[in-house]
Amino acid sequence: MSTFQAPKGTYDLIPPDSAKYLAVREAISAPLKNSGYGYIETPGFEDVALFARGVGESTDIVSKEMYAFETKGGDKLALRPEGTASVLRAALEANLHKAGNLPVKLWYSGSYYRYERPQKGRYRHFSQVGAEAIGTEDPALDAELIILADQAYRSLGLRQFRILLNSLGDKECRPVYREALQTFLRDLDLDEETRRRIEINPLRVLDDKRPDVQKQLTGAPMLRDFLCDGCKAYHEEVRDLLTAAGVVYEDDEKLVRGLDYYTRTTFEFVHDGLGSQSAVGGGGRYDGLSEMIGGPALPSVGWALGVDRTVLALEAEGIEVDVPATTSVYAVPLGDEARRVLFGLVTELRKAGVATDFAFGGRGLKGAMKSANRSGARFTIVAGERDLAEGAVQLKDMESGEQEPVALDALVATVRARLA
Ligand code: HAM
């Protein structure tokens, strides 16, 4: 019988590499936990209409990439392609916004699913750590989130990333711009699909990577020139706060995100060592999303950073994440009696907080010592009948190679003292 493989566009996280993913999730979430964000977890699937309405029918994410299905009970669901709509849905459902404590600040970490054409850095199952600050319109909140993401990347040692910043305007000024842009685009020489896009999502046309399209786009009206006074002032303040915090960013007036819910502040973190899938994270303000999914007006802002791409970025910069050896002590019993005694000691050491492993399977000394070496343990405890008769075990320092007997009842204290 043939064996199974991970589905196309997916991969498994296996040791030792998986430790890097844990370290990245930890590094991204640490600044959030430190800034008043509470942890939220939502289901891996939702009503398909939540994403259709929230992320937008015309986006690639909803129209082409969503894993949508009907259950045996007739519910129309979709595997979540992103986290923002779900988190806002959950906050509304739990009435978090009514507790009189705005903004509601939440962070999350999990798996997301998009039926995309797989390539390096682009997967059908990927992982994000994200943050959403719900219910407050305040440029300091936008700045806070960008500063925290910057801090997260820097704490990992990343340097070759850039922050692209833009404002997409609001429900007053964007429609005016949209129409001006459409009028301009309709006069260009473009293919059928792009013509359709002009009518549905004209801002995305600006994002077209083809040189012949880009050439025709010179002279296109720019949103910057259409921003209303409110949006302009808001954006200026976000920029000033970032500058005051020492965060370097680039104004990118062409930055359009792949989700429809954005208003005003939008940003992307790009890494220069990743080739075409260079966006390691992105986000922005979504003042209208709550109303789009049936809630009250709740201006909000957030981001999500891609864990898979952040790991690739670390590799591109040659950064070794500090992953401490997981095992401190490895126990090797010689014989049945030693097996019982050492297994008891292993449990005691673990209870005392010492990371300990055991040579399972009754292997000989040579094989067991090989495993001890591989585990990265600082100490090995070895015991045979003779040691036990003397009420002791041999404690071997794997770095110096020195070995000495330690009394059974002194072992835990001795090991802890040596490791300290
Ligand atoms: P997004 O830009 O679609 O935004 O995704 C955020 C990050 O997830 C990307 O920058 C990328 O690193 C990673 N990512 C997305 N798709 C893939 C994929 N197929 N394979 C690997 N990594 C991927 C959002 O999802 C918004 N919900 C962010 C947000 C939160 N906006 C406001 N709040």
Side-chain angles (χ1 to χ4, degrees), residues 8-11 13 21 24-25 28 32 37 40 42 46 50-51 54-56 59-62 64-67 79-89 91 103-134 141-142 144-146 148-149 152-153 158 161-164 166 168 207 255-271 274-290 292 298-314:
K8 186 173 172 191
T10 73
Y11 64 103
L13 299 185
Y21 286 74
V24 165
R25 289 190 188 115
I28 299 175
L32 298 169
Y37 289 76
I40 184 167
T42 63
E46 296 272 354
L50 173 70
F51 301 118
V55 177
T59 59
D60 283 353
I61 293 178
V62 168
K64 298 184 189 155
E65 297 166 2
M66 207 148 60
Y67 284 89
L79 298 187
R80 58 185 182 187
E82 64 104 43
T84 310
S86 309
V87 167
L88 187 54
R89 191 272 306 143
V104 177
K105 300 212 277 188
L106 302 166
W107 76 274
Y108 51 93
S109 171
S111 293
Y112 297 86
Y113 307 87
R114 294 181 194 175
Y115 189 73
E116 297 203 70
R117 200 164 42 75
Q119 65 179 91
K120 188 168 174 155
R122 187 163 71 195
Y123 310 105
R124 292 180 172 176
H125 164 256
F126 59 97
S127 152
Q128 291 182 343
V129 174
E132 314 292 349
I134 297 165
L141 201 52
D142 307 39
E144 164 176 289
L145 278 161
I146 295 172
L148 293 177
Y153 284 139
L158 286 172
F161 67 89
R162 292 177 293 132
I163 302 173
L164 310 180
N166 193 19
L168 289 181
D207 215 21
L255 178 70
V256 201
R257 306 258 306 124
L259 306 94
D260 275 354
Y261 48 61
Y262 291 111
T263 51
R264 292 194 166 173
T265 315
T266 45
F267 48 87
E268 221 155 68
F269 288 78
V270 293
H271 193 278
L274 295 187
S276 63
Q277 303 307 308
S278 62
V280 285
R285 185 154 272 287
Y286 48 93
D287 293 340
L289 178 57
S290 174
M292 278 150 67
L298 282 174
S300 307
V301 57
W303 51 241
L305 309 188
V307 175
D308 311 74
R309 286 187 199 169
T310 303
V311 170
L312 290 175
L314 288 167

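Note that the numbering runs from 1 along the sequence shown for the chain. Both backbone and side-chain heavy atoms feed into the values below; hydrogens, waters and symmetry mates do not. This is a predicted model, so every value here is computed, not measured. Atoms within a ligand are numbered from 1 in the order they appear, just like the ligands themselves.
Using modelled atom types, one finds no donor on one side chain facing an acceptor on the other under 3.5 Å when comparing S127 with Y21.
Between the side chain of R80 and the backbone N or O of T42, at least one donor-acceptor pair lies under 3.5 Å. Not one N or O on the side chain of R162 forms a donor-acceptor pair closer than 3.5 Å with the backbone of V270.
Closest approach of G9 to Y123, counting heavy atoms only: O-CB, 3.2 Å.
Remark: of the listed residues Y108, W107, W303, Y37, Y108 is the sole one forming a side chain to side chain donor-acceptor pair (under 3.5 Å) with E132.
When heavy-atom distances to ligand 1 are checked against 4.0 Å, the residues falling inside are E82, T84, Y108, R114, E116, G121, R122, Y123, F126, Q128, E132, R257, L259, Y261, Y262, A279, V280, G281, G282, G283, G284, Y286, G302, W303, A304, G306, R309, ordered by chain and number.
Between Y67 and Y115, the ring planes are perpendicular. Angles over 60° get that label, and only those under 30° would be called parallel.
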